[in-house]
Number of protein chains: 2
Amino acid sequence: MTDQDFRRRLDEAAAATQATLDALLAPSPLEGEIARPARLLEAMRYVALGGGKRLRPFLALESARLFGVCGESAARAAAAIEMIHCYSLAHDDLPAMDDDDLRRGRPTAHKAFDEATAILAGDGLLTYAFDVLADPATHADPLIRARLVLALARAAGLGGMVGGQALDLEAEKAAAPLTQEETLRLQAMKTGALLRVCVDFGAILGGASAEVAAALGRYGDALGAAFQIADDILDAEGDEAALGKRAGKDAERNKATLIGLLGLEKARARRDALVETAVAALADAKLGEATATLAEAARFVALRSS
Amino acid sequence: MTDQDFRRRLDEAAAATQATLDALLAPSPLEGEIARPARLLEAMRYVALGGGKRLRPFLALESARLFGVCGESAARAAAAIEMIHCYSLAHDDLPAMDDDDLRRGRPTAHKAFDEATAILAGDGLLTYAFDVLADPATHADPLIRARLVLALARAAGLGGMVGGQALDLEAEKAAAPLTQEETLRLQAMKTGALLRVCVDFGAILGGASAEVAAALGRYGDALGAAFQIADDILDAEGDEAALGKRAGKDAERNKATLIGLLGLEKARARRDALVETAVAALADAKLGEATATLAEAARFVALRSS
């Protein structure tokens, strides 16, 4: 697969996700909803439709495609993951958390609206993600719907993303720096779990065997770990214009990163080894040529410049 | 049913809910969770285990009991609703929202911990509610699990509770007071939807016919509306010691209430008529003597002193 082919697929997935999110966040209330308040909906749209690479939906769509699953099921499942990702950014940006004014080159939600609206827009997107997954429109089989809900809730909750963010805030205040083991666990929770669940979604939607699902899971874990190292490198070296947010924050805040623990060179080597692990796990899944896009995704994630 | 019998049942449901929440919020991670960070878990326990009447779980448990459903299914479903209720209180109390220091006679979550932890504890409980519902431990039938998730997400999201809170904050800042119609819609969203979903949970767990489910739904809607008027009356007249929170806030903040629109006497009459509507809806459900506790619950909700 050429780099150009890969980027085209990534862009197509982003456009499809944007369209799905746009339709899901329409003004008309669904059955069981009383009304959709205009300003809150506007803030949820601001948070969810603000662009980004849409890496998570891409991973979910490509994983589902390995099993021939596409269309509405994959699109809605991918959009639900993106809603969770976007809500977490809006809450993480709040003054009480990371206190960021800029996100993807635009004012953060609490700057564009106000703090209360940013909190509620996050709560609304978090809740809506599970609504979308549990809705029969996502899949005719309720077992698949229930499994999607459970997998996403585990990845996003206190034992996953929310727990990782809590550990991160604690680590900033702690007297002693985190050990390497603690740092890896924090990152696996904060960013790894949600990246991993993208491929789990493919396996659930596709009815993968336990063995294939486990191989994809190893891919997802390795990709998630490589993503975080790449993120730390970008923060240390990146320029703000390309990132669309402030760089150099990690050092400023004494955040736990592998660069701080290992140095830049060893962190890069570890990142490259994780890409190898990810690609090897895909081979273990024995799904043939179809996994080429996901292999490219691991390389892309590790070497991206924004 | 005597008042004493009713209160005993209410207390029993509260104790059972406390035990279920305590077990769900244990330190050991579940399958799919990486770890449960101690301080975040402590904050989630503070928010969820801080007492209260546990009216919502009681309504869910009693509704399920109409169909002979009890045990783990009903207990977990009821606990999930209470998690949503408790998370919403923690977020509503934040400085950017209602800015309250006291809740149930204790410091609010952001006072006892800090703002970031209160936000994350809320996010964690919101997410965990859907985890609990989607878990096979709640019900063997995945269709029932998916229906519980969908009903709760609709009641809690932008077309329900979160949307109602957003409208409430907007109304405080608005130049013109809300009309009666707007006030009723706001209240149906902010507090009514979550009370209504408690009886919906009973109907879902019990496999009620569409007709019976609709009759119970009318009960839930009327009870929710009566609850809100009673709440407004308590705020206007109540004493802080009994409430465990500050009284007189509504007038101070120019909140939209039916008392403001109709006056106290007409608001009381409306509340009493809603209790009649609720009791009549129960009779429509044709479930016999079993509904006596829910009928008493409507009276209790309307006439409570805290």
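These values consider heavy atoms only, across backbone and side chains, with no hydrogens, waters or symmetry-generated copies. This is a predicted model, so every value here is computed, not measured.
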Side chain / backbone / both / neither for A:D114 at chain B, heavy atoms under 4.5 Å: side chain
Chain B contact via A:E170 - side chain, backbone, both or neither, heavy atoms under 4.5 Å: side chain
Verdict with reasoning, B:T183 to B:Q180, per side-chain contact (heavy atoms from CB on, under 4.5 Å): CA-CA 5 Å; B:T183 303; B:Q180 185 169 329; 5.6 Å; no
Rounded distance (nearest 0.5 Å) linking atom CD1 of B:I204 with atom CG of B:D141: 11.5 Å
side-chain contact (heavy atoms from CB on, under 4.5 Å) evaluation trace for B:E182 with B:T179: CA-CA 5 Å; B:E182 288 167 336; B:T179 64; 3.3 Å; yes
From B:E31 atom CD to A:L150 atom CG, the distance as rounded to the nearest 0.5 Å: 9.0 Å
Side-chain heavy atoms of B:D99 within contact of B:L94, under 4.5 Å: no
Pairs of heavy atoms under 4.5 Å with chain B: top-ranked of A:G124, A:A35, A:A146, A:G157: A:A35
Pi-cation contact, A:F227 with A:R56 (under 6.0 Å, within 45°): yes
Most contacts with chain A, counted as non-hydrogen pairs under 4.5 angstrom, among B:E115, B:R36, B:R145: B:R36
Greatest number of heavy atom pairs closer than 4.5 Å to chain A - which of B:L167, B:L169, B:D200, B:T127: B:T127
Under 4.5 Å from any heavy atom of chain B - which part of A:L126: side chain
Top of A:I144, A:D135, A:L148 for chain B proximity - count of heavy-atom pairs under 4.5 angstrom: A:D135
Candidate pair A:Q187 and A:K190, rule side-chain contact (heavy atoms from CB on, under 4.5 Å), full reasoning: CA-CA 5 Å; A:Q187 296 183 341; A:K190 187 175 173 178; 5.8 Å; no
Contact winner vs chain A - B:S88, B:A121, B:G163, B:P37, heavy-atom pairs under 4.5 Å: B:P37
Interchain contact, A:I84 with chain B, by part (heavy-atom threshold 4.5 Å): neither
Top contributor to chain A contacts, counting heavy-atom pairs under 4.5 Å, from B:E33, B:R185, B:R154, B:M189: B:R154
Which of A:D131, A:V149, A:L133, A:V132 touches chain B most, by non-hydrogen pairs under 4.5 Å: A:D131
Side chain, backbone, both or neither of A:M161 within contact of chain B (heavy atoms, under 4.5 Å): neither
Pairing of A:R45 and A:D22 as salt bridge, 4.0 angstrom limit: yes
Any side-chain heavy-atom pair of A:I229 and A:T257 under 4.5 Å: no
Heavy-atom contact with chain B under 4.5 Å, split by part of A:L143: both
B:F201 and B:L59: CA distance, side-chain angles, deciding distance, side-chain contact (heavy atoms from CB on, under 4.5 Å) verdict: CA-CA 9 Å; B:F201 265 34; B:L59 290 171; over 6 Å; no
Which portion of A:L158 sits near chain B, non-hydrogen atoms under 4.5 angstrom: both
B:I34, part contacting chain A, at a heavy-atom distance under 4.5 Å: both
Heavy-atom proximity to chain B below 4.5 Å, by part of A:L120: both
